Every structure is written in structure tokens, then in C-alpha cells.
Amino acid sequence: MKTVYIALSADFLHDGHLNIISKARELGEITAGVLTDEAIVKYKKLPLLSFSQRKNLLSNIAGVKSVVAQNSMSYSENLLALKPDYVVHGDDWNSGPQSRVREEVIELLKQWGGELVEVGYAHELSTSSLTDKLRARGATPMSRMKSLKRLLSAKPIVRIMEAHNGLTGLIIENAKVEVGGEVRTFDGMWESSLTDSTSKGKPDTGAVDISSRVATIDQIMEVTTKPMIVDADSGGLTEHFCFTVRTLERQGVSAVIIEDKVGAKRNSLFGDAAGQKQDAPANFADKISQGKKAQISDDFMIIARIESLILKQGHDDAIMRAKAYVEAGADGIMIHSKEKTPDEVVKFCKEFRQTYPHVPLVVVPTSYAQISESQLAEVGVNIVIYANHMLRAAFPAMQNVAKQILTDGRCLEASEHCMSIKEIITLIPETV
Ligand code: SPV
Ligand code: MG
């Protein structure tokens, strides 16, 4: 009996997949490789079904003799182990990021005289477009909430971008580039106090109250499916924070980050000049543990944000607080800094990782922007938040166009700096 290898995500199966499976069945005994979440997120969104659900689905297909994990886009690990007579794949991987994988498969098979067999793929049924439709239905509060934890275990670093309204949410939902054969997208959204307030023409002092923040969160949730992390300032009074936890859980938010400050709220990037005060470690630890007790679901995360470096209290104070907050039940730590170099953050991350190898670490590299995602991942960072870039990009563009129209007394010249009318009226589809 000849042996055949196929690899699938198996998030769901359509005609195209069944063509592949039935061709493989004709050729011999099938071993199916199920792509792990880690492998899939390198080129498309997290699948709807978990790895074990997908594995189970394939195990129950007639002709599939065994199911193994495929840990990367590359087939090499499994092909070298199995040395199959055939690999069967759809004929849809000649271009794009998968073309290199195809070439590698052909080269590997040559080593033992194996053959690549390509079968007609149901082109009208694109898995990605079907998944997008399903995902929109599947973006119920609970499934969206869980997706941040799944991403944390599937990716070396989770990439989060600031959103302050439905439109910025849509940009984050859809932005996609291909770099070196890898498809890069944002993994989720940061509902920032700074940009939510600024976009409403208000200062970042808590002047935009929680009801207004909740309305913005809802507006973003309505048109997106990716997980959201909410910036809840200090969380307010502990008794109020407990209500906020429940509200955010109900909305399907994945994580809330609260900062260890008390008194009049000022944005951290003002530093210690703005009269900001840090909370006593025991008080803040208590706020975290009360919040954790108030939480209903297992998947919601409360992340403690440490302001010791912002307020010049030093490395040791930051480490002491991190330990106190983790012991109080924090699901992760955000270390903030407004230095121009990443040195103090890197030092913190390395030391924190010695005591807590697995507690998620979050950073916001606004001022020390030169550090790359891979460098952050190397020192143990799990989530990078680009906290204000959508708004900082939009404001100067809008202001320049406003001034241009004033200067010219007409809008002809300014139009060159604007998207076309055709684009703006068709940007948002009329049906869901
Ligand atoms: C925000 O985006 O509102 C933040 C991050 O809290 S920072 O502005 O850097 O304080
Ligand atoms: Mg904030």
C-alpha cells in the first residue's frame, strides 16, 4: 500500500478539501497533518475551532489512517519523518506566501522518489472568505474574549493596535502585509484612554466617563471580530472596578489593564512632572484581587500596569510591585516607560522572567519606538501595544487639509490629499 500525506487547517471542510481527500484515498493510505494554531497565525487569522477539535474532525474522515500535528507552514518536519509516496494538495498554491512551501515540498519528495499530486480546488469557495463570514457570526462575546489567550499561546508576540472608533477598528481588522513570505496582521485592539478622549476633544484625565468608554467599545465591537484590551486608567475605586470588570466581560473584552496610580488622572507620558501619584502596593494588589473575585468567566484577564519607571521610583520598586500584583492574582503585567531607549524595560523584563517564566508581559513602546517586535519577544514580552498611532496619523492629515482649503479658498488642491469620492462611498459595504 502506498502512503499519502495531506496537510489541512481543517477549520471546516468544503468541496475543495473533499477533492483533495478523495484523490489521496485513491492513491493510498492517508496521514493527515493538522496545522497547529502556531502555524496558521503566520499566514492567516486564528481558526475558529481549537487544534483538538480540528484534529478530531479529520480523524473521523473515511480513508484517513492517522492524524499528526504540522507545527509550521513548512511540510519538511513531517515529510522527512514519514517519507510518503505522495503529497496531495489543491492547485491553488502556485503564488503568494504558499509558493515557497510548494517548492520545498517538491525538492523534499525528490529525495525518496515521491510525487506531488495537485487537484482542482473549489476556487469559488475561498476558505478565507467563508471563514471571515463565519467568524463574524462567531464573534460572540465569549468566543472573542477567549481568542486573546489562544493567541498568547500560539504566537511569540501578540501585536495590538489602538482603536478609538468603528473605522479605526476596521483598519485594524483588515490591515495586512506580506513580509518575507509571512502574512502580518494586527491581532487585536487597544481601547486607549488617551485616544478615546482625544478623539472626543477631551483631555486624558478621566473626563470621558466609563459609560462613554463602554459606548465606544461597543461601536468598535459591532464592526470587528478581533480581541480587545481595554485601558481602564486606575480602575477607579475598588468597588466601582468590580462593576467595570463585569461590564467589560459582558461586552466580550478579553483583558482590562489598570495602572497603579491614585488621585487626579494624568497621562503617563507626562512623567513625574504632572503630580501623578502611585498607589500603595497593598491597596492596588487588593483592587486586583477584588476584581478577580468579581469576574465571572475563566478567560477574562486583569493585567496590572506598573508606573514605577514613569514616576522615577526605580527598578527594584517595579519588581517588588510586579511580584505583589502577580501574587494578588493579576493575569499579566504591563511595564510602562517614557524613556527614549528600551534599556529599563528590557532590564525589568529579563528579571521578571526569572521569577515568572509564564506570566504574560505587556509593553507600550511609544517613546522607545526603535525596539522591534522580535527583540521584545526575545526578552520575554508577550504583547506589544501600539497605543496611539491611528489617531496620531489622522490628526495631522486632517489638519493639513483644513489649512489647505483655507489657504486656497477652494478644495481642488486639498482633494489631492484625500481619498476619492468613489472610494469613500464604497468603503463600507452596505450589507453585512
Ligand atoms: C493610553 O493609550 O491611554 C495609555 C498608554 O494609557 S499611555 O498613553 O502611554 O499612557
Ligand atoms: Mg491611558
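Note that ligands are numbered from 1 as they come in the structure, with each ligand's atoms numbered from 1 the same way. For clarity, every value in this text was computed on a predicted model and none was experimentally measured.
Ligand 1 places these atoms under 4.0 Å from at least one heavy atom of Ser268: 10 (O). For ligand 1 and Ala387, the ligand atoms under 4.0 Å from any heavy atom of the residue are 2 (O). For ligand 1, the atoms lying closer than 4.0 Å to a non-hydrogen atom of Leu269 are 8 (O), 9 (O).
Comparing heavy-atom distances from atom 6 (O) of ligand 1 across His336, Arg305, Glu191, Glu307 singles out Arg305 as nearest.
By the criterion of a heavy-atom distance under 4.0 Å, the side chain of Asn267, and not its backbone, is placed next to ligand 1. Here Asp231 has side-chain heavy atoms under 4.0 Å from ligand 1, and that is the only part of it that gets that close.
Here the side chain of Asp408 pairs no donor or acceptor atom with the backbone of Arg410 at under 3.5 angstrom. Arg184 places no side-chain N or O within donor-acceptor distance of the main-chain N or O of Lys42, the cut-off being under 3.5 Å.
More than 12 heavy atoms of other residues, nucleotides or ligands shown are found within 6.0 angstrom of CG on Leu412. Within a 6.0 Å radius of NZ in Lys323, no more than 12 heavy atoms belonging to other residues, nucleotides or ligands are found. The number of heavy atoms from other shown groups lying within 6.0 Å of NZ (Lys200) is above 12.
The nearest N/O/S atom of Asp231 to the Mg ion (ligand 2) is OD2.
Between the side chains of Glu351 and Tyr356, no donor-acceptor pair is found at a separation under 3.5 Å.
Not one N/O/S atom of Ser268, from backbone or side chain, sits under 2.8 Å from the Mg ion (ligand 2). Within the 2.8 Å limit, Glu259 places no N, O or S atom next to the Mg ion (ligand 2).
Taking any N or O of Trp190, backbone or side chain, at least one lies under 3.5 Å from an N or O belonging to ligand 1. Where the criterion is an N or O separation shorter than 3.5 Å, residue side chain and backbone included, Leu194 meets it with respect to ligand 1. Looking at Ser193 next to ligand 1, an N or O pair under 3.5 Å apart turns up. Checking only distances, Thr195 never comes within under 3.5 Å of ligand 1, N or O to N or O.
Checked options Arg250, Lys146, Met145; the residue passing with Ser297 is Met145 (criterion: side chain to side chain contact (heavy atoms under 4.5 Å, CB included)).
Relative ring orientation between Phe348 and His315 is described as perpendicular, the plane-to-plane angle rising above 60° on a 0-90° scale split at 30° and 60°.
Ion pairing between a basic and an acidic side chain is recognised when a charged N comes within 4.0 Å of a carboxylate O; Lys287 and Asp260 show no such pairing.
Ranking the protein heavy atoms by distance from atom 2 (O) of ligand 1 puts Ser192 OG, 2.8 Å first.
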